[in-house]
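Only one structure is covered here, and it is reproduced in the block below.
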Amino acid sequence: MAIRFYNTLTRKKEPFHPLEEGKVRLYTCGPTVYNQAHIGNFRTFLFEDVLKRFLTVRGHQVLHVMNITDVDDKTIRRSREEQVSLTELTTRYTNRFFADLKRLRIRPADRYPRATEHIGDMIATIQKLVERGYAYPTDDGSVYFSIQAFPGYGKLARLNLDQMQSTERIQSDDYTKDAPMDFALWKGWKPEDGAVAWDSPWGKGRPGWHIECSVMSTKYLGEEFDIHCGGVDNIFPHHENEIAQAECASGQGFARYWLHSEHLLIEGGKMSKSRGNFYRLDDVLKEGYPPEAIRYVLLNGHYRSKLNFSWDRLREATQVVKRVAGFYRRLMEIDPAYRPPEQLPLTPVGEAFLDALDDDLDVPEALAVFFDWMRKTNQELDHSQLSAEEVRRRLDTLFLVNEIMDWLPSETRTAIPVDVQELVEQRQQARTETDWAKADTLRERIRALGWEVKDTPKGPVVTPR
RNA sequence: GGCGUCGUACCCAAGUGGUCUAAGGGAGCGGUCUGCAAAACCGCGAUUCAUCGGUUCGAAUCCGAUCGACGCCUCCA
């Protein structure tokens, strides 16, 4: 089956064809680095990670750009509160962000452009918009985009501009502008901005939020590119405004496919920084759950459906990930020399797995294929029906799936401590003497130390609990 | 007020006109194996897809109404 994605722009699943055969240019909205991202944010980044891995496995060369928003209202406010410079604050949280990405095994983007490093590019684009009549400066040194100058405004969010009700927030906006829906491209300096200011043709100030994405995406990916991703809450106003800015500045199309991931809910409600009902990655890891389990929880569900986070689900995920790890170890025991080849062969099961993903990244369907196969393979292993060659093929399949899911335990497993090893030996001794009570007690002690001992025909196997 | 999404077993979750008397996972129960366990495997588990009505030869899938949940409408992944 050919790859199809649900495009927010058309609200339909469409066959996916990149502009240039075999190459995909991808832009994903990155974090605003004013505090640590929560796991809801990572749901989106994980979705994008799987999207990218999938496209790569399907033979596309993906060029991925993710922005870092390091200047906006929140970053400025936060740096004032903490009495540190904007750069100090944003550097701190940018580093945290990268560390979290690594822990979740999210593959890095090719570029992470920062807003503050592209002020000149943004000013140039804003100037172009003013010259072409899409934007206008105001007395306070700001520049606004005039939405009525762009007939396409509202095409992504499907807004009915006439029936829009202006909310209190718009009315209380303390910048001056012609129409309530017009949005800022450039914000004139205000005292609370402190030292955060750049010179521009309109005086001191700083860029508006939306302009950075239009400018940086087109700078690195070209004026028209393939895929733009983000959370659903970015559809309006952020992405709508990006389209307006980019299309008016270039006179061409902008992103061709818009993919939006749904929210992670907590106790049935939206998790967001402003509500304070969120967990950070640290909050979850410190409870002892492995990163693979968190990856699994956040990926186990279609990206366009809401996903409810709970500790129950995390426990469930831990079980699943353990089961997959056990399966992996079982195969590796038969063929310890196996290493996944650079170019993994496409086995029939691997193909079925990817087939499911072809349909708008249907991860649950793909996992069903995987689990079915895993059960059958375990069955074959129980009856030792597999040849060495067949085992290698199974490992190829497992690694192909892992290329997308990345849920196998890391190779750098902690070595079994000496005291645990001694207890295991003592227990073996007790077992040969058929002193079952002693053996059971020792198993409990090993367990208390965080290790699990299983008796197999080949002897005891010790794994971390 | 406008726009939109969703409601499938104890829990999570695919499927969106016939192959569905509905995948897969977790939990539970019974069994094989085991000194006992663990792991793995086998079996059990929705005649039914929020409710009601309609379209159709045929609906979980389309249409309408009702109930319920959630989101967006310039902080938001």
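As a basis for the values below, the full set of heavy atoms in this structure was taken, side chains included, without hydrogen atoms, waters or symmetry mates. A, B, ... follow the sequence lines: proteins, then strands. Residue 1 opens every chain. Being a predicted model, the structure only gives us computed values, none of them experimental.
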Whole angstroms only, please: what is the [atom1]-[atom2] distance between [X] and [N]?
| X | N | atom1 | atom2 | value |
| --- | --- | --- | --- | --- |
| Leu442(A) | G35(B) | CG | P | 18 Å |
| Asp382(A) | A40(B) | CG | P | 10 Å |
| Leu265(A) | G7(B) | CG | C1' | 14 Å |
| His38(A) | C76(B) | NE2 | C1' | 8 Å |
| Leu357(A) | A23(B) | CG | P | 21 Å |
| Ile266(A) | G71(B) | CD1 | C1' | 17 Å |

Which part of the nucleic acid, if any, lies within contact of [X], taking any heavy atom under 4.0 Å across all strands shown: a base, the sugar-phosphate backbone alone, or nothing?
| X | result |
| --- | --- |
| Asp455(A) | base |
| Arg323(A) | sugar-phosphate |
| Lys454(A) | base |
| Glu452(A) | nothing |
| Arg431(A) | base |

For G7(B) versus U16(B), give the span between their C1' atoms, rounded off to a whole number of Å. 15 Å

Can you tell me, in whole Å, how much space there is between the C1' of G24(B) and that of A69(B)? 25 Å

Of Val369(A) and Gly230(A), whose closest RNA chain B nucleotide lies nearer the 5' terminus? Val369(A)

Verify whether one side chain among Asn308(A) and Ser310(A) offers a donor that lies under 3.5 Å from an acceptor in the other. no

Phosphate contact ([N] OP1 or OP2) by [X] side-chain N/O below 4.0 Å:
| X | N | answer |
| --- | --- | --- |
| Gln379(A) | C42(B) | yes |
| Arg375(A) | C42(B) | yes |
| Ser305(A) | A14(B) | yes |
| Gln319(A) | A27(B) | yes |

Between A39(B) and Arg330(A), counting only base atoms on the nucleotide and side-chain atoms on the residue, is there a donor-acceptor pair under 3.5 Å? no

Taking the basic N atoms (NZ, or NE/NH1/NH2) and the acidic carboxylate oxygens, is any pair closer than 4.0 Å for Arg4(A) and Asp359(A)? yes

Lys454(A): which residues meet the side-chain hydrogen bond (donor to acceptor under 3.5 Å, both in side chains) condition with it, sequence neighbours left out? none

Does A46(B) have a Watson-Crick or wobble partner in any strand here, with both distances under 3.5 angstrom, and which is it? none

